[in-house]
Amino acid sequence: MKLSPTWRCGLLKAVLASVTLVSAAPSAFAQDAPAGVTPETAFIFNTLLFLIGGFLVMWMAAGFAMLEAGLVRSKNVAMQCTKNIGLYSIAGLMYWAVGYSLMYTGVDGGYMGTFAPYGFDSIGVLSPGDSATAEQTAAAAAASKGLLDTGYSTASDWFFQMVFVATAASIVSGTVAERVKIWAFFIFVIVLAGFIYPIAGSWKWGAGWLDAMGFQDFAGSTIVHSVGGWAALTGAIIIGARRGKYVNGKVMPMVASNIPLATLGTFILWLGWFGFNGASQLAAGSLTDVTAVSNIFANTNLAAAGGVVASLVLMQIIYGKVDVTMALNGALAGLVAITAEPLQPSPALSILIGAIGGAIVVFTVPLLDKLKIDDVVGAVPVHLFAGIFGTMVVPLSNSDASFGVQLTGVVAYGLFAIVTSAALWLILKFTIGVRVTEEEEEMGLDLADIGVEAYPEFGSGSQRIG
Amino acid sequence: MKLSPTWRCGLLKAVLASVTLVSAAPSAFAQDAPAGVTPETAFIFNTLLFLIGGFLVMWMAAGFAMLEAGLVRSKNVAMQCTKNIGLYSIAGLMYWAVGYSLMYTGVDGGYMGTFAPYGFDSIGVLSPGDSATAEQTAAAAAASKGLLDTGYSTASDWFFQMVFVATAASIVSGTVAERVKIWAFFIFVIVLAGFIYPIAGSWKWGAGWLDAMGFQDFAGSTIVHSVGGWAALTGAIIIGARRGKYVNGKVMPMVASNIPLATLGTFILWLGWFGFNGASQLAAGSLTDVTAVSNIFANTNLAAAGGVVASLVLMQIIYGKVDVTMALNGALAGLVAITAEPLQPSPALSILIGAIGGAIVVFTVPLLDKLKIDDVVGAVPVHLFAGIFGTMVVPLSNSDASFGVQLTGVVAYGLFAIVTSAALWLILKFTIGVRVTEEEEEMGLDLADIGVEAYPEFGSGSQRIG
Amino acid sequence: MKLSPTWRCGLLKAVLASVTLVSAAPSAFAQDAPAGVTPETAFIFNTLLFLIGGFLVMWMAAGFAMLEAGLVRSKNVAMQCTKNIGLYSIAGLMYWAVGYSLMYTGVDGGYMGTFAPYGFDSIGVLSPGDSATAEQTAAAAAASKGLLDTGYSTASDWFFQMVFVATAASIVSGTVAERVKIWAFFIFVIVLAGFIYPIAGSWKWGAGWLDAMGFQDFAGSTIVHSVGGWAALTGAIIIGARRGKYVNGKVMPMVASNIPLATLGTFILWLGWFGFNGASQLAAGSLTDVTAVSNIFANTNLAAAGGVVASLVLMQIIYGKVDVTMALNGALAGLVAITAEPLQPSPALSILIGAIGGAIVVFTVPLLDKLKIDDVVGAVPVHLFAGIFGTMVVPLSNSDASFGVQLTGVVAYGLFAIVTSAALWLILKFTIGVRVTEEEEEMGLDLADIGVEAYPEFGSGSQRIG
Amino acid sequence: MKMVMAVIKPPKLDDVRAALAELGVTGMTISAVQGHGRQKGQTEIYRGAEYDINFVPKVKVEAVVEDDRVSAVVDAITQAANTGKIGDGKIFVMAVEQSVRIRTGETDAAAL
Amino acid sequence: MKMVMAVIKPPKLDDVRAALAELGVTGMTISAVQGHGRQKGQTEIYRGAEYDINFVPKVKVEAVVEDDRVSAVVDAITQAANTGKIGDGKIFVMAVEQSVRIRTGETDAAAL
Amino acid sequence: MKMVMAVIKPPKLDDVRAALAELGVTGMTISAVQGHGRQKGQTEIYRGAEYDINFVPKVKVEAVVEDDRVSAVVDAITQAANTGKIGDGKIFVMAVEQSVRIRTGETDAAAL
Ligand SMILES: Nc1ncnc2c1ncn2[C@@H]1O[C@H](COP(=O)(O)OP(=O)(O)O)[C@@H](O)[C@H]1O
Ligand SMILES: Nc1ncnc2c1ncn2[C@@H]1O[C@H](COP(=O)(O)OP(=O)(O)O)[C@@H](O)[C@H]1O
Ligand SMILES: Nc1ncnc2c1ncn2[C@@H]1O[C@H](COP(=O)(O)OP(=O)(O)O)[C@@H](O)[C@H]1O
């Protein structure tokens, strides 16, 4: 059976919703058939937007994998690769099994959806073949009509939503790298992807209580990035810092093992973000929608560029050297900051928002270290701090947003994410344990748990001779 | 002259074919013009599907290059890069020169096509310009009409089919890595891409005898992956194992030199597979087709995720450590397994098929080692064994398939691929030789044949000082 | 205010222009509504072509980053990553601030555009919402109509044009790597992206004097690649060779530090080139246009393949070893060579053009070394020499081009690029300096200016112990 | 003069360096080595096949010191590098006949 | 005690290790080095320019043994590392005056 | 025979190799090491936190030569590796009691 998400049960409603939600309107030519876009053509455009946007966001999983593999020390690189391909897989399975329903069915202004079963659109029903009976033909017509009213194929929407939850999970894996137990982490991902994120998502995107209140978060600065960021921060505190990171009140840098890999990861994420933000327009079947997608592409790129330049300049001024890892984080912070509202800001405002995102990273990365919170890849500044900032400045460009409601959303998501993930990390801590032994940590997780070194022929720690 | 593949000589036929072949039907609204998709719009969608799918599959060439470069030892990495960019280039040229014709023209239920010349659609004819004569205008209209009936542009189809043959060739390069002579390998690719693969493809996709019989292989679990896998297996046996791999009945692991590179390669392949399977729907110009593409995306992702999780869990249970290279192979095996039929299975069945693919890898990689067959990257388990499995389970979800016919196809392709590639490898062996000298193998192919080391500044084997 | 580029101020004009410029005509069915493509549907296709082509070209920024990071020595890798992410960001900001206007507004057959302000299409105007006044509705209809006449969304065009300027800047960064000062380089990029490239672009693509003369350069062999190549060459001469590169008349190779990274970069560039050339058709909303895009994809791939095979074969014959870095350069040279005219050549001619591009690299890389011009990554042979070659052979397949005019263009762009970039490099040299100190160069720019080593745990030069 | 050559566990390098610094010994040369001894390497499994990593990463410290400082240096290293677990490493002392500081040409004690 | 220092071809390391193990010598320290001698490095061509790789990868094995085992150890290495081809390497023997096992503080023969 | 062990700046390796070649000394073994001495490592900042790189990359050259060539070799290295800047490195000379060429079994001077 096809799930007809109650929050958008027809093209008409969708179109109306988009007017109020993202200020994107139906084609000005919808009534004017030859000049306009037919519903089936629009359906195809919308579905393709989800598929193309979806594969771009899927690619972000590789981006996080490379970024994190580049930023950890070489003795933990294979582990980081394993965690990333594992979390992407687990997140997809959990989102299929429970998350999608929990996020989108029957939320109705409430606090979560249901566990209602759902299925993708049946090709067999839509297209019963040559020898179809009259009943089958009628059923096909009805099903096609229903689908057309929805405006996109269910599986395309599922695919696009699924890759978002993987993003949230990736954020966590970077922060708690180099010491968390692999299976504890995977269990965390199971719960995050199956329950925590979908419930959070339902509040806004599932048409829950925050949506009813008018909270605005276009592509998820708060829903995806801050929720992931809170889960990461909570994990970093509960699991504790890597041994040797903070010694006698001094920060002992544990430097990134592979800078070009981290750079590659950042470029992948940047590319994927065009899908993340662009396809969050949720429609491409009209002049207005595709123009909106275009504006989002431009603003997204400008914000990221602003983040890079701001962090480069600040690093040069403050430290006299342009630490490339900060520039990479700056790009991502710019992207996270614009994600809450990539459509309405002017290009100049987009650059500014991105630049402030970049500045936030430069100033808060050392701050976390002062608090002895060990965030290996800087995910908390990038995703949480820049995410909150981006969410709070939506009212600057979007007149449907208010600071009060935005703050309500930020606080509500913060409380929810902190409480649920703290509970989960603590349960894990007192059952199977969240942290590897001191010996394993020193030896490196690759030899301890993966059995394979990332670079067995290079380097001091892992050099093999003969 | 434009090739009009006889197997799909018009939109109407294509549409009918798709009903029976992949159970995807024409738009329910085709008769209902304003609501539906015009033929030219459908033409554009179909062509874009080929182009987008095609560039995603082209990207898989990079995926194979990175996967293999990551899994070989560092002294052979530059060689592996050379082989991969070389094979992709050679495969494309050969498929243009002979392969495409041989696969698609005049097969007519038979065993191979022809060497008939063909060309891409002439823009000059389609669009004669402002000063066109009446004849030219008439010719343009006729050409446009003919093309419209085909349903997609020839070059887009060529591009999409071309990248598939490169995939088959990539499979071989991984298995026989670290000892095959570069030019012997390239000659193998010339024949594989120009003749072996196109003839194999013609049997089914060129509307040859297996297609007539009802063999089902949606995107090529058998035609691409098993054929490549057989060629690889035959090569591994004829060329022999790397020196020092099997010593006194013991397997001496030769460990991967760069795990994040192999991980990146796997993510690239995963991304590319959306094009591989999704665009194998061959049409996106209707509600049904684009919905089918969406379902394929979702199922493809779920199968890969199933493959990853299955191999992670099995490795933990059996060996107590989660060898990441097995998880990477597990993802690919899940993808190969679903490739024979990514449309019809339910999501749950897709996960199961992928998971069994992942399990196949975990159990057959050590098996090959027991047989002293040295498959450097695990391509035989991934592409051949999971490919056979995927082909054999098509009847579970596709009522047009039967186990008997599937088995016939698997056996026929197996025999054909084994015989032709064994003959080719043996001819190469007894003429120019297939294997580098012992000294070259020990020194590494990079210094011996490329003249450039992959990592001249890292590591013991290749460390340069000063 | 929306910029309505005067050079293509309506769909009709665009269509006419495309007839003459790229010989692509309007849909044969434009008059035949049900069979054809509605203007709004065409608008969406055109816009999506820019967006998809644009993200592919954006991805080329990662390609250049990886290629260059792989080809420099490990002590300068983090610097090269920083320069690449920095230049992409700066180029985008400058092209937004001045470049786009300077390239496209009010050129009118002249030598440059204006600094006229412009904005992206306002979604608020296009879609005033439910409670719109009659005036707003009328304004929306008018705006939509105007946009429809343009044929694509402004931001999509901006995005696509913006990524091209980043390409030009990337070319420079590779050549002058390992010794140029980071901030001097960034200032160069500011001027290149904001002024030099846009003025150059305006001559042809902005409908300036060279366009009026009939100069042909489909996707920028000259405008993007040669201009970037001249800037790079000028820089290499003014900045001077890396210390120790030319000693007593002998060339001392400074070998690439990471071959798989360079290979990855090349594959990324190859993938991105489908966007670079394909989307330079500038329209996908008709049978003819999308067929043209398809032909471009096929020709682009064949040319690159020709470049690879030519350089592999030549290297084997001349040197007896197949230096992979030459094969990578060969692919890129093939791509650059076909970029001036990827649509009209037959496949066979495309292969030939690409192969000659590959040969150019094999012969001119050592030539530059003889002249003691130190081009770290081979960007001058690839982008400048192959670019000139590609531009000069356009008349072979495009009857609108003449050798004389092509030569005029090549010379004009050469003079302009040499003079402007020489002036700029010299100003930088005599003010802030263009070159790091001897000590910094020896220590490596990573430690000197970035503060972070690319591979702190590997290798001799940067090995950290304990 | 004597060459004191110590093979230690990599994480102990910093402690050893500090301990020597306290003695005023700052000249030393370090290298990444692999050790073989009572401490066994790991047995790992790669793609289902077992293999032994026969060697364990160690750091070699070489410091040339004047004869009268040898015992203090040896003691300092013994203490600083000690974890009490197998594989802590060894110290070997060898005679050095001549030392030169390349920069100045100074020799022997003055060269250290 | 003597330090037996052998510079051998990398692929021979495992044979040497095994040969020493048969003699009961399990303590040793290994490092990756580059050798220069009669065996010439490669001449390679990078982007059309020739260059010499002056050094050849070798492995250095350092084992401190008691005086009476030196000749057996030297013989064992000579045999195990021999391929008969140029570049097989050298063995050097030097005197060691003192040995300490860091873990226990044991010295001399007991420390090996 | 003596082992001449020099710790030098990496860019000087080629000059040292050439200087030794002029003396007819071609046998040597090289390794990448890290030095600690008067020349200080860098202070770097990673993500806003300062850290010291305590060690400086150096190259160790070990050449065993006959007794009568030691002073020439030491002089040649001293000259070739000299830049006059701090951190130029050291040369240490130690006695070698025995040398063997693995390929032939030749010993002592004949083995060098
Ligand atoms: N005889 C020896 N000669 C040289 N190095 C040795 C010798 N014995 C031990 N070593 C080095 O000391 C390290 C520690 O020795 P091991 O026997 O494992 O532990 P312990 O020092 O606790 O007895 C070894 O890994 C090796 O590097
Ligand atoms: N005099 C020497 N001092 C130190 N190491 C040496 C000396 N001579 C040779 N070696 C080392 O021994 C290795 C083999 O020596 P080589 O002369 O090439 O071959 P062979 O051992 O067959 O005579 C060299 O690569 C170098 O590492
Ligand atoms: N006592 C020593 N024992 C061993 N190596 C030493 C000693 N003193 C210095 N070195 C090595 O020599 C290098 C140069 O020494 P340093 O004191 O920095 O400069 P200089 O040689 O100019 O006095 C050091 O980096 C270290 O590798």
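Note on naming: letters A, B, ... go to the chains in the order of the sequence lines (proteins, then strands), and numbering restarts at 1 for each one.
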Side chain, backbone, both or neither: which part of [X] has a heavy atom under 4.5 Å from chain C?
X: B/M79; result: neither
X: B/L261; result: side chain
X: B/A69; result: side chain
X: B/F159; result: side chain
X: B/A78; result: both
X: B/I268; result: side chain
X: B/A97; result: neither

Between C/S257, C/A327, C/A298, C/A348, which has the largest tally of heavy atom pairs under 4.5 Å with chain B? C/S257
When C/N299, C/L49, C/L264, C/I296 are compared by non-hydrogen pairs under 4.5 Å with chain B, the top option: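 Max contact count across the listed options: C/L264.
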Minimum side-chain heavy-atom gap [X]-[Y] below 4.5 Å:
X: B/T82; Y: C/L312; result: yes
X: C/V309; Y: B/I90; result: yes
X: C/S74; Y: B/F458; result: yes
X: B/F50; Y: C/F297; result: no
X: B/F43; Y: C/T291; result: yes
X: B/F55; Y: C/I52; result: yes
X: C/T263; Y: B/N84; result: no

Under the side chain to side chain contact (heavy atoms under 4.5 Å, CB included) criterion, do C/I259 and B/Y455 qualify, and how do the steps go? CA-CA 7 Å; C/I259 294 297; B/Y455 309 108; over 6 Å; no
Check each atom of C/W59 against the heavy atoms of chain B and say whether the ones under 4.5 Å are side chain, backbone, both or neither. side chain
Which atoms of C/S346 approach chain B - backbone, side chain, both or neither, heavy atom under 4.5 Å: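 Neither part; nothing is under 4.5 Å.
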Which pair of heavy atoms, one from [X] and one from [Y], lies closest together, and at what distance?
X: C/G285; Y: B/I44; answer: C-CD1, 3.5 Å
X: C/V322; Y: B/I182; answer: CG2-CD1, 3.7 Å
X: C/T288; Y: B/S127; answer: CG2-CB, 3.7 Å

Please, which pairs that meet side-chain hydrogen bond (donor to acceptor under 3.5 Å, both in side chains) have at least one residue in residues 323-332 of chain C, sequence neighbours excluded?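 Every pair satisfying side-chain hydrogen bond (donor to acceptor under 3.5 Å, both in side chains) with a residue in residues 323-332 of chain C: C/D323-C/T325, C/T325-E/R47, C/N329-E/R47.
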Set out, in order, the CA-CA distance, both residues' side-chain angles and the distance that settles side chain to side chain contact (heavy atoms under 4.5 Å, CB included) for C/S294 and B/T154, then state yes or no. CA-CA 8 Å; C/S294 305; B/T154 306; over 6 Å; no
Evaluation steps, side chain to side chain contact (heavy atoms under 4.5 Å, CB included), between C/V313 and B/W183: CA-CA 10 Å; C/V313 170; B/W183 292 102; 4.1 Å; yes
Quick one, C/F274 with B/M58, criterion side chain to side chain contact (heavy atoms under 4.5 Å, CB included). Give me CA distance, side-chain angles, the key distance, then yes/no. CA-CA 10 Å; C/F274 295 116; B/M58 177 271 161; 3.8 Å; yes
When rounded to the nearest 0.5 angstrom, what distance separates CE in B/M60 from CG in C/L271?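 B/M60 atom CE to C/L271 atom CG measures 13.0 Å (nearest 0.5 Å).
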Please output the side-chain donor-acceptor pairs of residues 301-308 of chain C that fall under 3.5 Å, not counting sequence neighbours, one pair per line with the distance.
from	atom 1	to	atom 2	distance (Å)
C/N301	OD1	B/Y88	OH	2.8
C/N301	OD1	C/W270	NE1	3.1

Does B/A155 offer a backbone N or O that forms a donor-acceptor pair with the side chain of C/N295 under 3.5 Å?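 Pair absent, no side-chain N/O of C/N295 close to backbone of B/A155.
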Under 3.5 Å: donor-acceptor pair, side chain of C/K321, backbone of B/V452: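 No; zero donor-acceptor contacts below 3.5 Å.
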Residue selection (most heavy-atom pairs with chain C, distance under 4.5 Å) from B/L48, B/T137, B/T47, B/I85: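 Looking at each option in turn, the highest pair count goes to B/I85.
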